[in-house]
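All ligand and atom numbering here is 1-based and tracks the order in the structure. Please read these numbers as outputs of a predicted model, since none were measured by experiment. When reading the values below, keep in mind they use all heavy atoms of this one structure, side chains included, and skip hydrogens, waters and symmetry mates.
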Amino acid sequence: MDKTKWPAISGLVAGTVLLARNVPTTYAFDKPIHTGIIILASCAAAVIGLSRSLPKEGGRSHRGQQYDALPLGVQQYDALPLGEVGQPHGSRESSPSPEDVRYPSSLRKLRILFLVLVVAICLRIEAFRQVLANTQCAGQSWESLIPLALALWDYFAVQRHKKRILTDDVDSSVYDALVDHVFRPRYRYVLAAGLVSIGSMLALATSSSPASTYICAASLHNSLYVPNLQRMGTVLDFLIAYCIGHLLHQHEGRGTRSVSLRFISVGWAFLFSAVILLVIGIVYYIIVEEDRKWILALPTICTVLTIFHIGAMSTSVMATFVSVSTITTAYAWNNPHPFPPMDTGLAFITLCIAITGFAAYFHMETVSEDRESGGRSITFREVPSWLYLLLLSLFFLRTGLWAARKTTVTYHPIDMLIYEAQTQHEAYINQTSTSKTLADAVGTYKARYNRVPPPGFDHWYEYATARNSVVIDDYNSIHRDLLPFYALSAEDIRQRTWDMISNPWNDVAGISVRSGEVGISPNVMPTHRWMLDGLVDLIGHFVEYLPDMDLAFNLNDECRVAVPSVQIETMRTTGRGAFAHDRAPRNEFSTGRGEQWQLVPDQPNTETPLKELSFQRTFYDFGSVGCPSGSPARSQRAFLANWSTAADICHQPDLANLHGLYISPAAFKGAHDLYPVFSQSKAHGFNDILYPSAWNYIGKAKYDPGDEHPDVPFAEKNSSLFWRGATSEGVSPGGGQWRGMTRQRFVHLANNINGSEHPQAVLLPQGEHSLAYTQLPISELTNLLSTDVHVVDSIARCGGRDCPQQAREFAPLVPPTDFQDHWKYKYLLDLDGAGFSGRFLPFLYSHSLPFKAALFREWWDDRVTPWQHFVPLDIRGQGLWATLAYFAGLDGKANGRHVKAAAHELEGERIAERGRDWAKRVLRREDMEIYFFRLLLEWGRLTDDERDDIGFAVDVG
Ligand SMILES: *[C@@H]1O[C@H](CO)[C@@H](O)[C@H](O)[C@H]1NC(C)=O
Ligand SMILES: *[C@@H]1O[C@H](CO)[C@@H](O)[C@H](O)[C@H]1NC(C)=O
Ligand SMILES: *[C@@H]1O[C@H](CO)[C@@H](O)[C@H](O)[C@H]1NC(C)=O
């Protein structure tokens with residue numbers, strides 16, 4: 001049996017390291033009950049299997065004899081029938097011995113231990129599930145206190161008792177007694193384990209990432225309940241460790257099969273727990289296979305083995321130390337930058353305490369008398385020098401990390417972002433209108449997109465130049481959207497368009513172009529009439545140049561088409577190759593196109609290719625299917641530096657719980673095949689075709705200041721951050737879904753709601769020329785900075801208890817304001833709704849500065865540069881306060897001292913004005929027409945049977 005000792009300990013250490021590194025990314029915790037069942041069942045199988053393969057006479061090892069004299073009284077377990085654990089002794093008892101009669105209470109004790117273990121495991125997993133479901137309310141973990149608790153237990157239950165035996169046994173001299181008191185105090189383990197525990201706990205506290213903005217609702221009392229649940233979980237963990245330890249050791253050295261029996265009882269406990277959870281689980285949950293569970297199973301099995309070898313206390317000391325040093329070291333390694341703020345000195349010192357405790361613990365073990373007596377074996381007979389070396393290396397590594405970490409910055413990161421945005425914008429302008437003639441434009445088109453422009457390109461060019469379009473060459477977004485469609489035949493596209501628009505349930509409306517006229521297909525819901533009328537108006541400006549065709553327009557706000565990553569990549573590759581030939585094209589669309597489109601029946605079609613997921617989670621089914629496998633699950637949580645990666649959910653799987661579209665959309669009817677659907681906006685990974693929204697074109701929300709609502713110069717505006725809106729991002733039907741939605745999170749974050757929000761980091765000057773991040777509670781920030789961010793009217797799109805709870809949480813709800821009221825404020829917050837925010841363009845036209853947090857991207861995304869024309873915010877919201885503090889400045893008392901940070905009003909005004917000027921040049925109604933015109937010419941070609949042979953070519957010279 002001894003030969004499993006080192007593999008088990010190594011397995012425990014390796015497993016703990018893996019676990020500590022993988023916890024944030026593993027999917028295993030999405031369904032903790034399922035994972036728990038699978039792990040327990042596999043551990044049970046492994047432990048029972050292991051026990052079968054053990055040498056039958058293992059119990060009679062050299063150690064075995066040492067314990068013969070101990071009054072543990074568990075011999076009868078040698079023959080305890082497995083299936084009857086917890087029941088009165090059955091008739092299978094083969095060789096009753098006199099001891100059976102003498103120690104009935106110990107047997108009962110073991111049965112109780114067994115039952116307690118089963119119950120504790122089940123409760124533990126349920127507690128874990130509940131804490132996970134409310135992690136946003138979780139507090140400091142107490143897990144690291146387990147070694148201390150076990151040591152205290154050991155002190156009261158074993159050490160004091162043992163001391164007495166020793167003194168009784170040994171004919172001790174005064175000198176011996178002195179040695180005992182100086183070098184082997186009975187509380188020595190308490191001392192060492194205490195150092196490990198306390199050091200670990202403090203070290204963990206210094207290594208926490210910025211808290212999620214997922215709402216820990218003040219009105220739900222979870223902020224008290226969840227930390228208590230965590231503490232209960234720690235107590236249960238202690239119980240589990242204690243029970244496993246006792247089950248494994250109480251039977252020491254009795255009879256031939258005792259070693260395997262010890263394991264079998266633990267294995268059965270796991271199996272029982274798994275069965276109990278499974279029964280509960282079948283009632284409440286649908287079992288789904290989870291991956292990566294092995295990561296959890298490995299440490300569990302090794303833990304059991306290790307407990308067998310070195311006892312529960314040493315195992316917990318080892319596991320705690322290894323996991324905490326892994327977590328904190330990895331954290332220090334990954335965060336060499338001043339953000340997130342972290343007390344590196346404290347982190348270093350506390351880890352040193354833990355290292356000291358750890359070394360002391362194992363050293364004391366070797367000089368202890370446990371070798372000769374006591375209920376457990378020790379880890380090392382002599383602490384090996386490599387362990388000291390290892391600890392020393394850890395110490396030097398941490399010293400290095402501590403010394404290398406910078407805690408201050410010399411310039412504000414936003415200064416740099418604004419500077420870089422300028423360059424980026426310049427680069428955009430440099431390439432967007434290099435063409436001065438039609439021939440230039442054709443040449444640039446060919447060079448960019450590896451094909452000739454569509455027929456009618458000359459009309460488009462004339463249309464665009466007549467309206468002074470700044471953007472002539474850069475229509476990459478059209479190219480990106482349409483590229484995969486080249487993998488479908490024109491006939492397929494026509495059929496798929498019909499599939500969409502022939503069934504009104506799809507919420508997709510048809511617009512048809514016939515002989516230079518634009519019309520609306522039958523079966524359109526009257527509520528969306530404005531949108532189609534707007535589109536008819538918009539397309540009407542250039543419809544005479546368009547070929548006959550039908551178009552399918554998404555009537556919902558949510559995007560629709562998400563093709564799995566592998567498929568879409570293949571289609572894009574096909575698309576890229578489609579036009580590589582040099583044949584001279586024909587500058588006209590083919591004839592007879594009108595008849596090729598199937599008529600939309602007056603009697604609606606009832607078949608649909610769409611899958612409905614309204615009110616349900618869409619992230620894994622639709623949100624992330626477009627991500628390549630193995631996307632890094634990494635997220636950036638400081639000031640938003642890269643607007644493109646900020647929308648890329650493949651890198652940020654945590655957004656699954658942070659946006660209404662993914663949590664519970666109001667209307668979601670989506671397809672996994674490439675259907676041609678025109679949408680106003682889309683999230684990353686969707687394949688809808690973007691077009692300029694009629695909402696902005698016809699001015700449903702309009703920039704229209706007047707005498708009553710003037711748009712005064714920036715400097716004269718009120719310095720508040722302003723937002724008004726409804727809770728309409730998604731539906732919260734009663735499951736608390738609202739706590740993750742962007743709008744609700746930002747309202748929560750901007751207001752001090754019963755102090756339930758985590759502190760936020762802001763940059764404050766430190767010394768003469770540097771800045772440092774400081775955590776300030778929101779209650780202080782709301783005094784220093786002015787925000788006016790509220791939900792209007794009444795809670796929308798909710799059901800059951802979510803309505804009153806939100807109303808309580810977001811009280812006071814305010815009456816709606818006139819849209820033109822916005823121009824009073826310097827800073828305008830812009831948040832997604834169920835789809836894109838229709839207010840952003842008016843915000844951009846104004847003298848105010850928009851702060852935009854968005855998952856959805858629109859047709860203009862390439863034209864507008866964040867930090868040059870508007871202020872981007874991370875959708876998680878972490879940067880909100882620090883960004884506002886940069887522009888508005890801080891001056892007042894916080895955390896008991898005076899804080900002062902200069903305002904950057906001038907920078908704010910510049911961005912506001914640049915955004916306004918640029919919007920007037922590239923986001924006019926005319927620009928929407930020009931974009932749409934070009935998009936529909938491309939679409940006309942794409943739906944043409946002879947698309948490889950048609951196109952626009954000029955005779956140069
Ligand atoms: C844009 O073009 C101008 C003039 O040709 C040049 O000076 C500038 O460096 C270019 N900017 C970028 C970012 O390429
Ligand atoms: C943002 O990230 C993408 C992808 O990594 C990169 O291509 C792009 O250049 C970055 N943009 C900026 C402004 O850094
Ligand atoms: C600015 O707006 C805030 C929020 O609406 C308001 O409380 C404050 O009184 C206003 N300040 C001034 C100077 O009007």
- request: Enumerate the atoms of ligand 1 whose separation from the nearest heavy atom of A427 is less than 4.0 angstrom.
  value: 13 (C)

message: Can you confirm, on distance only, whether ligand 1 has an N/O atom lying under 3.5 Å from any N/O atom belonging to T423?
response: no

query: Nearest to atom 6 (C) of ligand 3, what protein heavy atom do you find, and at what distance?
result: N718 ND2, 4.1 Å

field: atom 3 (C) of ligand 1 - nearest protein heavy atom and its distance
entry: N430 ND2, 3.5 Å

field: Nearest-option assignment for atom 9 (O) of ligand 1, heavy atoms, candidates Q424, E426, Q422
entry: E426

query: Out of curiosity, Y449 OH to E938 CD, how far, rounded to the nearest 0.5 Å?
result: 8.5 Å

D917 and R914 ion-paired at < 4.0 Å: no

task: Evaluate the 4.0 Å heavy atom contact test for atom 11 (N) of ligand 1: does a protein atom fall under the cut-off?
output: yes

message: Yes or no: does Y825 have any heavy atom under 4.0 Å from an atom of ligand 3?
response: yes

- prompt: Distance-only, no hydrogens or angles: does the S681 side chain make a donor-acceptor pair with backbone N or O of E858 under 3.5 Å?
  reply: no

message: Can you tell me how far apart CG (L884) and CG (L785) are? Round to the nearest 0.5 Å.
response: 4.5 Å

query: Looking only at protein heavy atoms, which one is nearest to atom 4 (C) of ligand 3, and how far off is it?
result: D788 OD2, 3.3 Å

- request: Determine whether Y411 and M416 make a side-chain contact, defined as any pair of heavy atoms from C-beta on separated by less than 4.5 Å.
  value: yes

message: Is it the case that the side chains of R480 and Y475 hold a donor-acceptor pair, with the cut-off being a distance below 3.5 Å and no angle test?
response: no

